[in-house]
Number of protein chains: 2
Amino acid sequence: MKQEPASSTAAPRRRAGRPRSGVLDRELIARAALKLVVEGGYSTLTMSALAKSLSVSPSALYNHVESKQEIMQWIQEIVMDGVDSTVFETLSLDEALTAWAVTYRDIFAGHAPLIPLIAVLPVSGSPRTLEMYEKVAAGFTRAGWRQEDIIPAIVALESFIFGSALDATAPLDIFDPGENAGSIPNFEGALEAQRATGRNSADAAFHAGLRAIVNGLMATSRTT
Amino acid sequence: MKQEPASSTAAPRRRAGRPRSGVLDRELIARAALKLVVEGGYSTLTMSALAKSLSVSPSALYNHVESKQEIMQWIQEIVMDGVDSTVFETLSLDEALTAWAVTYRDIFAGHAPLIPLIAVLPVSGSPRTLEMYEKVAAGFTRAGWRQEDIIPAIVALESFIFGSALDATAPLDIFDPGENAGSIPNFEGALEAQRATGRNSADAAFHAGLRAIVNGLMATSRTT
DNA sequence: GTTCTAAATGAATGTCGTTCATTTACTAGA
DNA sequence: TCTAGTAAATGAACGACATTCATTTAGAAC
C-alpha cells in the first residue's frame with residue numbers, strides 16, 4: 001500500500017526493509033485462519049479463536065485487516081492456488097476444461113462458505129485468480145474460439161462448478177422423500193434406480209453434468 | 001397446513017378445530033418474513049424486525065418456530081412455488097428444461113442467501129418442492145430416459161441454476177482486472193469482446209451454459 | 001368457577017465482529 | 001544517550017444478533 005504498485009491491501013511496511021516488532025502480518029494471519037478452517041470448519045473461524053491461535057488479542061488483528069471478510073478473501077486466494085490450471089498448456093481444450101473443473105470443484109467442496117463470497121467478489125483483488133482466468137482464456141483462444149464467446153463459457157462453467165461444490169456438501173439422504181413417499185412415483189423410481197447404481201449422487205451428477213456442459217459448449221462453438 | 005397429515009414441524013394444534021387466541025401462526029410468520037425480505041433484503045430479516053412487523057415480541061416467535069433457519073425454509077418453500085414446472089406437461093423435454101431453468105434461476109437470483117441453505121437441506125421438509133421434482137422426473141421419464149440417469153441430470157441442472165443465480169447477483173464490473181491489466185492479454189481480450197456485445201455477461205453465460213448443458217444431456221442420453 | 005394450557009412477555013444470556021483510548025517497544029534522528 | 005515518533009498490541013466496551021426462561025395472560029373445557 002505504500003510504494004509497491006501491486007499489493008492492494010494493508011500490508012504493514014516501513015522505510016527499512018526488515019520486519020518490525022509486530023508478531024502479525026498478512027501471511028501469518030491468512031495461514032492461521034486457513035489452518036483453523038481446515039481443522040475445525042468455518043464455524044470455528046472467529047476473530048477471537050484466530051487471535052488466540054496467534055497468541056494475540058482480537059483487536060490486534062484489526063491493525064492488519066479491515067474486516068473478517070477480508071480474511072475470508074485471503075483464504076480464498078490461498079485455496080484458489082490449489083486449482084490446477086496448467087492443464088490448459090498440455091491438454092486439448094475439452095480435456096483441460098474437464099480436468100480443471102474436477103480439481104476446482106473438489107477443492108471448493110471443502111470450502112463451501114467461500115462460494116457465496118467468491119461469486120460476488122471483484123477479481124481485481126486476487127492477482128493469482130486472474131492468472132488462472134488468463135490460462136483458461138488462453139486455452140479457449142488457442143482452440144480457436146470467438147473472443148466474445150469465451151467469458152460466457154468460463155462463467156457458465158464456474159457457475160456449474162460452484163453449484164456442484166455446494167451440492168457436494170449436502171447430506172447423502174437429501175432426496176429422501178420421508179413421509180411424502182407414494183405420491184411421487186416418477187421421482188421415487190428415479191431415486192431408487194440411481195441408488196441402485198451404488199454411486200454417490202452428487203458425484204454422478206457432477207460428472208454427467210460436466211460432460212454435458214463441456215460437450216455442449218464445444219458443439220455450440222462450432223455451430224454459431 | 002391445517003389438517004393435512006404432512007405437516008412435519010411444530011404447528012399449534014388443539015382438540016377442537018378452531019384457531020385459538022394467538023396472533024401468530026406459521027403462515028403469518030412466513031408471509032411477514034418474506035415481505036421483510038422482499039422489501040429490504042435478507043439483511044433486514046432479524047427476529048426482532050420480524051417480531052416488530054407482527055407487533056409481537058421476539059420471543060413470541062419461538063412458540064411457533066424452532067429457529068431462524070426454519071423461517072428461512074418456510075420462505076424457501078414459498079419462493080419455490082414461483083418456479084413454473086407445469087411446462088413439463090406441455091413442452092418437449094429440452095424445451096421444458098430450458099423454460100423451467102430460466103424461471104428457476106430468475107427467481108432465486110433475488111433470493112441468493114437461500115441457495116447455500118437449499119443445496120444442503122433435505123427435501124423431505126418441503127412437500128411442494130418434492131412435487132416439483134416429481135414433475136421434472138416425469139418429464140424425463142416420458143422422454144424415455146433411463147431411470148438411473150434422471151437424478152444426476154436434475155441435480156446437475158440444479159447445480160448450474162444455483163451457481164448461475166449466485167452469479168447473477170455479482171456486480172457488473174466483477175471481472176475488471178484493475179491494476180493487474182496488461183499481464184493477462186487473452187483474458188482482457190475476451191473481456192473486451194464480450195463487453196462490446198453489450199450483453200450482460202451473467203445473462204449471456206447463463207443462456208449459453210443452459211443451452212450447452214441441455215443439449216449435452218440430450219446427446220448423452222442417446223449415447224450411453 | 002376452577003383448571004388446563006397455548007401463547008405472549010420482557011428480562012437476561014452468550015456469541016459475535018468491531019471500535020477506541022491507552023500502553024508498549026522498537027527505531028531514527030539529534 | 002536522550003528524545004521523539006510510530007507501528008502494533010492491549011483490554012475494556014459496544015452494538016447486533018439469536019435464543020432461553022421464568023412468569024403472566026387469557027381463552028376453552030369440564
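All values below come from the heavy atoms of this structure, side chains included, with hydrogens, waters and symmetry mates left out. In what follows, chains carry the letters A, B, and so on, assigned in the order in which the sequence lines appear, proteins first and then strands, with residues in each chain numbered from 1. Note that this is a predicted model, so its numbers are computed, not measured.
- Going from atom NZ of A:K68 over to atom C1' of C:dT19 covers 17 Å, rounded to whole Å.
- Straight-line distance from the CD1 atom of A:I71 to the P atom of C:dG17: 9 Å, rounded to whole Å.
- A donor N or O paired with an acceptor N or O is not found under 3.5 Å between the base of C:dA6 and the side-chain atoms of B:N63.
- Atom-to-atom, CG of A:L61 to C1' of D:dA7 comes out at 15 Å; the value is rounded to the nearest Å.
- Within the structure, ring pair (Phe, Tyr, Trp, His ring centres under 6.0 Å) pairs that include any residue of residues 29-48 of chain A comprise A:Y42-A:H111 (at least two apart or interchain).
- At whole-Å resolution of the value, CG in A:L36 and P in C:dC16 are 12 Å apart.
- Applying the side-chain hydrogen bond (donor to acceptor under 3.5 Å, both in side chains) criterion to A:E131, with sequence neighbours excluded, gives no partner residue.
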Exercise answer: donor-acceptor pairs, residues 191-206 of chain B side-chain atoms, under 3.5 Å, sequence neighbours excluded:
| from | atom 1 | to | atom 2 | distance (Å) |
| --- | --- | --- | --- | --- |
| B:E192 | OE1 | B:R195 | NH1 | 3.4 |
| B:T197 | OG1 | B:Q194 | O | 2.5 |
| B:T197 | OG1 | B:R199 | N | 3.2 |
| B:N200 | OD1 | B:A202 | N | 2.7 |
| B:N200 | OD1 | B:D203 | N | 2.9 |
| B:D203 | OD1 | B:R105 | NH1 | 3.3 |
| B:D203 | OD1 | B:R105 | NH2 | 2.9 |

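- Atom CG in A:L54 sits about 13 Å away from atom C1' in D:dA9, given to the nearest Å.
- Listed in residue order, the members of residues 37-48 of chain A having a heavy atom less than 4.0 Å from DNA chain C are A:L45, A:T46, A:M47.
- The main-chain N or O of B:A49 is found under 3.5 Å from a side-chain atom of B:T46 such that the two form a donor-acceptor pair.
- Taking a cutoff of 4.0 Å between a charged side-chain nitrogen and a carboxylate oxygen, B:R128 and B:E134 do not qualify as a salt bridge.
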For residues 162-172 of chain B, dump all side-chain donor-acceptor pairs below 3.5 Å to protein atoms at least two apart in sequence or in another chain.
| from | atom 1 | to | atom 2 | distance (Å) |
| --- | --- | --- | --- | --- |
| B:S164 | OG | B:F160 | O | 2.8 |
| B:T169 | OG1 | B:L166 | O | 2.7 |

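- Here the C1' atom of nucleotide D:dA8 and the CZ atom of A:R26 are 19 Å apart, to the nearest Å.
- Atom pair A:H64:NE2 and D:dT10:P shows a separation of 10 Å (rounding to whole Å applied).
- With sequence neighbours left out, the salt bridge (charged side-chain N to carboxylate O under 4.0 Å, His left out) criterion links A:E188 to no other residue.
- Residue pairs meeting the ring pair (Phe, Tyr, Trp, His ring centres under 6.0 Å) criterion with at least one member in residues 171-202 of chain A, sequence neighbours excluded, are A:F175-A:F187, A:F175-B:Y133, A:F187-B:Y133.
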Report all interatomic pairs (protein N or O, nucleotide N or O of nucleotides 11-15 of chain D) with separations under 3.5 Å.
| from | atom 1 | to | atom 2 | distance (Å) |
| --- | --- | --- | --- | --- |
| D:dG11 | N7 | A:S59 | OG | 3.0 |
| D:dG11 | O6 | A:S59 | OG | 2.4 |

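- Here B:S67 pairs with nothing under the side-chain hydrogen bond (donor to acceptor under 3.5 Å, both in side chains) rule; sequence neighbours left out.
- Rounded to whole angstrom, the span from the CG atom of B:L50 across to the P atom of D:dC17 amounts to 13 Å.
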